[in-house]
Each structure stands twice: as structure tokens, then as C-alpha cells.
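Worksheet for the structure shown next.
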Amino acid sequence: MADIFLTFPDGSQRNFAQGITPAEVAAGISTSLAKKAISAQVNGEHWDLQWPIESDSSIAINTMKDEAPALELVRHDLAHIMARAVQELWPDVKVTIGPVIQHGWYYDFDRAEPFTPEDLGLIEKKMKDIINLRDEVKTEVWPREKAIAHYRETGEPYKVELIESIPGDEPIRMYWHGAWQDLCRGPHLQHTGQVPGDAFKLMSVAGAYWRGDSSRAMLQRIYGVAFRNKEDLRKHLNMLEEAAKRDHRKLGREMELFHMQEEAPGQVFWHPNGWKVYTTLQDYMRRMQERDGYVEVNTPQLVNRKLWEESGHWDKYQENMFIVEVDEDHAREKAINALKPMNCPCHVQVFNQGLKSYRDLPLRMAEFGSCARYEPSGALHGIMRVRGFTQDDGHIFCAEDQITPETAKFIAFLARIYADLGFHDWTIKLSTRPEQRIGSDETWDSMETALGEACNAAGYEFEILEGEGAFYGPKLEFTLTDAIGRNWQCGTLQVDANLPERLDASFIGADGAKHRPVMLHRACLGSFERFIGILIEEHAGKLPFWLAPRQVVVATIVSEADDYAREVVETLKAAGVRAEADLRNEKINYKVREHSVGKVPVILALGHREVEERTVTLRRLGEKQTRVLELDAVAAELAGEALPPDLR
RNA sequence: GCUGCUGUAGCUCAGAGGUAGAGCACUCCCUUGGUAAGGGAGAGGUCGAGAGUUCAAUUCUCUCCAGCAGCACCA
């Protein structure tokens with residue numbers, strides 16, 4: 001048999017018989033490494049210890065110390081161990097797929113009865129038993145026909161379907177965890193005992209469609225999380241608790257920002273506090289847009305179906321539109337209107353009034369447009385995913401050669417706004433032509449190039465999402481990362497030559513002839529509702545001072561301080577600070593607690609001493625120590641903080 | 001929309017086939033207290049909506065509505 005050369009991480013090379021496995025290589029180095037080994041990297045590829053190596057390669061043996069492969073294997077083996085546990089408990093259950101996901105894994109099962117929380121406990125216990133058995137993991141490559149026959153025999157129709165969809169040139173690999181067997185591309189651990197038995201937890205069970213297709217069978221998906229050790233699991237569970245504490249639905253209630261009720265599903269009742277956040281943010285956006293050369297418009301909510309037919313929305317999105325029929329006695333026929341699901345067709349109507357010259361371009365038209373979309377009930381989520389919302393929408397009507405500079409300008413605009421709002425970690429994705437599309441390849445080439453050049457011009461890198469663009473044009477998506485590592489796609493910019501065509505927008509060029517403008521659909525926050533939800537969760541309710549609905553509470557310690565408290569409130573209000581007095585007959589402890597829970601950033605406490613000295617004792621949210629300050633000094637300090645970032 | 005779970009006082013939740021309970025919040029009284037809950041008393045509910053079974057339903061069954069988790073969706 002021929003020899004092959006293996007190159008080790010330290011650069012050394014040794015020759016081995018062709019077909020040697022990493023397990024044998026590890027055993028040749030030391031017995032302890034052979035025991036500790038979990039997998040290998042062969043030419044950078046994650047490689048099972050049992051897989052033979054057929055040609056000259058680089059090799060590195062992985063142990064539990066190598067985080068990425070270790071987590072991958074632990075989670076992947078747990079998926080198999082869970083499937084085995086389930087089939088041992090309920091032999092009739094059909095297995096399907098069980099991939100590794102962020103923080104853990106899931107496995108989809110077909111079973112007539114639903115899994116209960118008690119079942120999860122049983123499964124978890126059985127999994128621990130299997131881990132303790134330290135059953136060997138084995139693998140073989142099988143001929144396709146044999147594998148299909150095997151699964152027909154054992155009554156696993158989903159596996160048969162999976163094999164049939166594996167491309168013909170790929171091997172069909174079988175794995176065994178003890179006697180239990182599954183189809184799997186691997187790699188896996190050496191034996192089940194390599195999985196840490198105390199670092200995983202089954203989290204939940206939920207429905208999921210077979211192969212993600214809503215027209216196919218609904219399976220039951222069990223989710224688990226897993227780590228390399230108990231401590232990492234504990235940290236993860238703490239993080240989940242932290243996320244639950246930040247839940248904007250809970251904080252929205254506690255801070256009296258908004259509520260929702262079943263008579264208006266997916267729509268927000270903004271309370272005084274929440275509406276203050278909303279209008280403060282909107283005022284800020286309005287000033288920023290004006291500064292960046294936008295004109296602001298406002299267009300109708302309820303628009304006749306004719307316009308939606310012309311724009312193409314009636315055909316494509318009718319199911320998701322709120323349709324309003326007016327059937328008054330005096331009407332000859334029913335008028336059919338729809339609440340606008342977006343603002344662009346209306347903006348084109350504004351554009352179309354009067355002849356436009358090339359000198360009018362680029363025309364940047366903005367609207368805080370209230371839209372309504374009939375979202376599927378299961379999609380609704382607090383104020384993050386709603387049926388009634390307001391976009392910070394804008395459309396830039398421009399000539400083709402203006403796409404790049406206008407896009408670059410928008411990116412700079414958005415960067416400034418995200419920074420002002422405290423988001424410094426965000427990325428750009430460029431979605432390119434999808435399979436189903438209109439327009440020539442040359443047009444797509446130039447539109448995609450224009451967006452890429454704009455990112456470069458603005459000084460930002462971007463990732464390409466192949467085929468993810470809209471049918472009418474490519475788009476940029478701006479995704480920000482929050483304080484606990486979650487991603488939110490907020491901003492967007494889409495190139496559209498289609499809608500100006502459909503709605504017959506035009507301008508007179510320098511050549512005296514009519515031309516079509518291109519529209520850039522763009523938004524920075526997305527919707528106010530969702531963005532405020534993100535802000536609440538980002539800050540765990542502790543909004544930056546300028547956005548906080550109640551910035552200062554002046555809390556009296558003794559009732560003799562009431563008059564002075566009123567004066568302090570008036571002084572602060574005059575300085576532009578949102579302040580209110582708390583004169584209730586309660587102890588200062590009580591007031592501090594209540595307003596801390598309500599996330600008021602500053603509490604000013606007033607007792608006999610402050611009244612006599614005309615001072616205030618200031619306490620910041622989350623800080624234990626207090627400062628005694630002159631009233632005028634406090635007013636000046638807080639007035640500065642109360643200014644929105646663009647006015648500082 | 002699909003699967004599963006849930007719906008009892010403003011909030012968080014307990015409860016049982018014979019028309020309901022706690023803590024906090026609320027109102028009043030006492031207390032004027034120095035930085036995350038001072039004490040006492042009181043008031044507050046068509047038990048999500050409708051239908052069915054039953055002598056009797058908030059409790060059991062069905063339908064609907066809404067919410068939660070996930071999936072699908074997100075112009």
C-alpha cells in the first residue's frame with residue numbers, strides 16, 4: 001500500500017500507510033491523546049476519527065479543548081443520543097433530521113401524541129443513561145440501495161426520502177451509537193461517554209414542518225442546548241434569564257409605555273410615557289432627514305384598489321392587506337379600498353404631480369407613513385411584529401447615475417443615526433438577483449455594482465447574499481447587534497426601476513426627452529414600533545436620558561419640602577427637562593424603589609436640608625451613591641443631557 | 001396560517017363539578033420617615049366569548065377570540 005505524508009500543526013511531517021485513520025494517528029502519538037481525541041481537522045475539514053485519509057494532508061487532532069469542533073460534536077452526538085432515547089422510550093416514533101444550531105441542537109420527530117414537559121424529563125434521564133453506557137460510535141459507508149432498503153424495512157419513510165435527495169456522487173454514511181443507527185454525514189465522537197452528561201438541557205418542544213414546507217407534515221421538534229461543561233450551560237441559562245428580563249412586553253407594562261388588547265390585535269395603544277419616547281425619536285428623525293435634504297410628505301391611509309392594481313400589490317399581496325368595502329346607500333357600487341401596506345405608490349403619486357425636470361433630481365421624499373399589514377396571527381410579537389405600524393420611510397427618485405452617490409449618502413446618514421442611538425456594531429448585506437426576476441442582466445449588473453460601489457465609497461464592507469434580492473432589484477440590508485448579541489435587521493435600501501414604470505413616473509432630461517427615474521426605497525429604523533422595542537431590550541429599559549419618558553422624579557422626604565419640590569420641577573421643566581414631583585406620603589425608600597423599577601434615570605430627593613440650602617440630592621438609576629448639588633447646577637447639567645444628540 | 005401550551009382582581013399566580021383565594025398595586029387611617037417595599041383597615045372578579053353535557057359549569061366537551069413558544073411568513 002502506498003504511503004502518504006501527513007503534516008502536523010507544528011509543521012512536522014511523517015509518512016503513513018494510505019487509508020490510515022486519525023484515531024490510529026492519535027494512538028501512535030500517545031495513549032492519552034488517543035483517549036482524549038474527539039475528531040480531527042484534515043486539510044481544514046472536520047474529520048471523524050474513523051474516516052480513512054487517502055492522500056497527503058495536513059492533520060490536527062481535536063480534543064475537548066478545541067471549542068468549535070467540540071461544541072459541534074457534543075451537540076451533534078446529543079441529537080443522535082436524544083433520537084435514540086426517544087425511540088427506546090417510544091419505538092413507534094419516526095425519526096427525521098437533527099442538526100446542530102446556535103447553542104445546541106434540535107431533532108424533529110413524527111409521533112401521533114404530543115410530547116409533554118414530563119416526557120422531556122424522561123428523555124433527558126434516558127439520555128444520561130445512554131451517555132453513562134459509553135457506547136461506541138461506529139460508521140460505515142453504504143450503497144444507496146442498501147440504505148434505502150434498510151429504512152424501508154425499519155419503517156423510516158423520512159430517511160428514505162432524505163437518501164433519495166442526496167446527490168448521486170455523495171456517499172451514504174451510516175452511524176451507530178451503540179445498537180441504535182442513523183443516517184448521518186458525521187463526524188461524531190468516539191463513544192457516547194465523551195458527551196458531558198451535566199452540560200445539556202432539553203428546552204422545549206414545538207411544531208415544525210417537514211423540510212420547512214408549510215404544505216407538508218407537521219413534526220414535533222425538541223430543542224436542546226449543550227456546552228462543554230456545566231459552567232457554560234449555567235452561563236447560557238443566565239443569559240436567557242437576562243433576555244427575559246429585558247423583554248419589551250414586560251418592560252413596556254412596568255414602565256407604562258404601551259399596552260395591547262385583543263380588540264386590536266397587532267396594534268399598539270401608546271400610553272403617555274411610550275408616546276413621549278416615540279415622538280422624541282420621531283422629532284429627532286425629522287430633524288435628521290431635513291438636514292439630509294429630504295422633503296416630508298403625508299399620504300392617505302385608505303386608497304382605492306385601482307392604485308394597488310396598478311402598483312402590482314393587489315396581485316401579489318392581497319392576502320396581507322386590510323381591505324375595506326364601503327357600501328353606502330347612495331353609492332352606485334361598492335368602493336373597494338385597502339389600507340396602505342406601504343407608502344411607495346402614494347409617493348409616486350406625489351412625484352407625478354406636475355412635470356419634473358432632471359434638475360429636481362435626486363428628489364428625496366420622506367414620510368412617517370402609517371401602514372397596515374394583515375400579518376399571520378402566529379407572526380405577531382409584542383410591538384416588534386405588528387399589523388399597524390409607522391415606517392421612517394423614504395423614496396429617493398433619481399437618475400441611474402445617481403444611485404451610487406445617493407446610496408453612499410444614505411449609508412452615511414444611517415451610520416450617524418445608529419451611532420447617535422447607541423448602536424456601533426452593525427453590518428451591511430447586499431442581496432443580489434433572485435431566480436424569479438424582471439429586468440435584463442445588464443440592468444442587474446449595473447444596479448448591483450452601483451450598490452457595492454456605494455458601500456465602498458461610504459467606507460463600509462458588505463457581505464453578499466446571493467439571490468436574496470427583490471424581484472425588481474437588489475437591496476442593502478443593515479443589521480445591528482444588540483447588547484446581548486442578538487441581530488436585528490432594521491435599515492434597508494432597495495433599488496427599484498419597476499414601480500416608476502408601472503406607475504408611469506417620468507422626468508424631462510437635459511436632452512429634452514422623457515426619462516424614467518429610479519426609486520430607492522429606504523428606511524433607517526424600519527418601523528418606530530419595532531425599533532422602540534429594540535431600544536427597550538437593548539437598554540433593558542434604561543433608555544438614554546434624552547429618550548427617557550420621565551427623566552427626573554423629584555421625591556420629597558418630608559412634606560415640608562413639597563413647595564420646594566414644585567419649584568424644582570418648574571426650574572427643570574424651564575430648562576427643558578422632563579420632570580415630575582412625587583409628593584406622596586411614602587418613605588424615600590419606597591419612592592426610590594418604585595421609580596427605580598420604573599427606570600427613571602434621575603431621582604432628586606428633597607428633605608429639610610435641601611430646602612434650607614436650596615440644593616438637591618441626586619441619585620442616578622443603578623448607582624448607590626448620591627451627590628448633593630446646587631439646584632441651578634443640576635438644572636444646567638441635566639438640561640445638557642436632555643438635548644437630543646443632534647442638538648448638542 | 002400550522003403544532004403544542006395558556007387565558008381566574010390592574011400585575012404575578014393558587015384553586016375546585018355545588019356560583020372564588022394570596023401577594024403586590026389601589027382607597028382610607030396611623031406614620032414625616034434620608035436612598036430599592038413602615039403599620040393597619042377597606043374596596044375590587046359575568047373566572048376570555050359562545051354553545052353543549054348536567055339538578056348544578058368558572059371547573060367537563062365543542063367552536064370561536066386572544067396570548068406564549070417554535071415553524072412557515074415578513075413587499
Side-chain angles (χ1 to χ4, degrees), chain A residues 101 106 108 111 113-117 119 203-223 244 247 249-250 253-254 256 259-266 308 311-321 340-345 371 373-382 384-387 389 391 470-473 475 489 492 494 496 498-499 521 526-527 530 555-562 583-598 603-610 617-628:
Chain A
I101 53 173
Y106 67 77
D108 287 348
R111 179 191 186 218
E113 306 78 39
F115 289 110
T116 64
D119 290 343
M203 300 299 284
S204 62
V205 54
Y209 298 110
W210 169 234
R211 311 206 114 179
D213 183 342
S214 60
S215 66
R216 308 195 65 174
M218 177 64 79
L219 306 169
Q220 295 188 65
R221 175 171 297 176
I222 301 178
Y223 285 90
D247 191 315
R249 294 166 296 189
K250 178 174 172 284
R253 191 166 46 236
E254 287 173 2
E256 297 178 82
H259 87 271
M260 307 181 85
Q261 64 186 54
E262 65 176 85
E263 287 80 357
W308 304 116
S311 70
H313 291 95
W314 193 259
D315 274 350
K316 223 168 150 41
Y317 297 109
Q318 198 184 141
E319 292 294 299
N320 297 305
M321 287 162 75
K340 68 175 168 187
M342 52 190 350
N343 307 297
C344 25
C371 297
R373 294 181 187 176
Y374 188 79
E375 300 285 1
S377 56
L380 302 178
H381 179 83
M384 300 274 211
R385 185 81 183 268
V386 286
R387 288 181 176 158
F389 56 94
Q391 296 175 315
F471 71 91
Y472 51 76
K475 63 181 174 186
Q489 195 243 300
T492 183
Q494 304 187 14
D496 183 3
N498 176 244
L499 198 63
H521 306 255
S527 89
R530 180 161 173 275
T556 50
I557 297 167
V558 293
S559 52
E560 281 84 357
D562 286 1
L583 308 180
R584 290 176 304 170
N585 174 17
E586 295 292 351
K587 290 199 170 191
I588 191 64
N589 292 338
Y590 182 94
K591 295 184 182 180
V592 165
R593 178 186 150 78
E594 186 171 285
H595 297 121
S596 298
V597 168
I603 297 171
L604 300 181
L606 307 183
H608 290 297
R609 202 164 65 219
E610 288 79 4
T617 299
L618 181 147
R619 180 196 158 112
R620 298 246 176 204
L621 180 57
E623 290 178 11
K624 276 258 187 280
Q625 76 275 35
T626 57
R627 286 187 294 153
V628 180

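In this text, all values refer to a predicted model and were calculated from it rather than measured experimentally. Each chain gets a letter, A, B and so on, in the order its sequence line appears, and its residues count up from 1.
- Distances were taken from every side-chain heavy atom of A:Y223 (C-beta onward) to each of B:A37, B:A36, B:C71; the shortest belongs to B:C71.
- When each of B:A36, B:A66, B:A75 is scored by its nearest atom to the side-chain atoms of A:E262, the top-ranked nucleotide is B:A66.
- Between A:H313 and A:W308, the ring planes are perpendicular. Angles over 60° get that label, and only those under 30° would be called parallel.
- Counting any heavy atom pair closer than 4.0 Å across all strands shown, A:T617 reaches a base atom.
- Residue A:E256 is out of contact with every strand shown, counting any heavy-atom pair closer than 4.0 Å.
- At whole-Å resolution of the value, CZ in A:F115 and C1' in B:G70 are 15 Å apart.
- Comparing atom distances between the A:R609 side chain and each of B:A75, B:C71, B:G34 picks out B:G34 as nearest.
- Pairing of B:U27, defined by two Watson-Crick or G-U wobble distances under 3.5 Å, is identified with B:A41.
- Remark: the A:D108 side chain and the A:Q220 side chain contain no N/O donor-acceptor pair separated by less than 3.5 Å.
- Note on A:P376: a base of the nucleic acid sits closer than 4.0 angstrom, heavy atoms only.
- Nearest to the side chain of A:Y209, among B:C71, B:C74, B:G70, sits B:C71.
- Here B:A49 sits opposite B:U63 as a Watson-Crick or G-U wobble pair (both hydrogen-bonding atom distances under 3.5 Å).
- Side-chain nitrogen and oxygen atoms of A:R221 include none within less than 4.0 Å of the OP1 or OP2 phosphate oxygen of B:A72.
- One interatomic measurement links the two molecules: CD of A:Q220 to P of B:C2, which rounds to 17 Å at whole-angstrom precision.
- A:H313 comes within contact range of at least one nucleobase, with a heavy-atom separation under 4.0 Å.
- The phosphate of B:C74 (OP1 or OP2) has no side-chain N or O of A:H381 nearer than 4.0 angstrom.
- The distance between atom CD of A:E586 and atom C1' of B:U35, rounded to the nearest whole Å, is 15 Å.
- Under 4.0 angstrom from either OP1 or OP2 of B:A36 there lies at least one side-chain N or O belonging to A:K624.
- Atom CD in A:Q625 sits about 12 Å away from atom C1' in B:U35, given to the nearest Å.
- Using a 4.5 Å heavy-atom cutoff, the side chains of A:I222 and A:Y106 are not in contact.
- If you check distances only, the side chain of A:R619 does reach the base of B:A36 with a donor-acceptor pair under 3.5 Å.
- Along RNA chain B, the nucleotide nearest to A:L380 and the one nearest to A:R593 differ in position, and the one closer to the 5' end is contacted by A:R593.
- You'll find that the side chain of A:A605 is closest to B:U35, out of B:C74, B:G1, B:U35.
- Between the CD atom of A:Q391 and the OG1 atom of A:T492 there is a distance of 10.0 Å, given to the nearest 0.5 Å.
- Phosphate contact (OP1/OP2 of B:U12, side-chain N/O of A:R253, threshold under 4.0 Å): present.
- Across all strands shown, A:D213 has no heavy atoms under 4.0 Å from either base or sugar-phosphate atoms.
- Taking atom CZ on A:R111 and atom P on B:G4, their separation rounds to 12 Å, with Å as the unit.
- Here B:A72 is the nucleotide among B:A72, B:A75, B:A69 with the atom lying nearest to any side-chain atom of A:A379.
- Phosphate contact (OP1/OP2 of B:A75, side-chain N/O of A:Y374, threshold under 4.0 Å): absent.
- The residue A:G378 sits close to a base: some heavy atom pair falls under 4.0 Å.
- With rounding to whole Å, A:W314 atom CH2 is found 20 Å from B:A75 atom P.
- Contact annotation: A:R249 reaches the phosphate of B:C68 (side-chain N/O to OP1 or OP2, under 4.0 Å).
- Expressed to the nearest 0.5 Å, how far CD1 of A:I603 lies from OG1 of A:T626 amounts to 11.5 Å.
- Between the side chain of A:R387 and the base of B:C74, no donor-acceptor pair of N or O atoms lies under 3.5 Å.
- Of the candidate nucleotides B:G67, B:G38, B:A75, B:A75 has the atom nearest to the side chain of A:Y472.
- If you take CE of A:M218 and P of B:C5, they are 13 Å apart, rounded to a whole angstrom.
- Residue contacts for A:V558: at a heavy-atom cut-off of 4.0 Å it reaches a base atom on one of the strands shown.
- Comparing atom distances between the A:R385 side chain and each of B:C73, B:G67, B:G38 picks out B:C73 as nearest.
- When side chains are defined from C-beta on, A:T617 counts as touching A:E610, because their heavy atoms get closer than 4.5 Å.
- Here B:A75 is the nucleotide among B:G38, B:G70, B:A75 with the atom lying nearest to any side-chain atom of A:R373.
- Cation-pi contact between A:R373 and A:F389: absent, since separation from the ring centre below 6.0 Å together with deviation from the ring axis within 45° is not met.
- With distances taken from any side-chain atom of A:S559 to the nucleotides B:U32, B:A75, B:G38, the minimum falls on B:U32.
- The side chain of A:S377 contributes an N or O atom lying less than 4.0 Å from OP1 or OP2 of B:G1.
- One cannot find a donor-acceptor pair under 3.5 Å joining the base of B:G48 and the side-chain atoms of A:E263.
- In this structure, the side chains of A:M260 and A:V386 come closer than 4.5 Å at one or more pairs of heavy atoms.
- If you check every strand for non-hydrogen atoms under 4.0 Å, A:Q494 touches sugar and phosphate atoms only.
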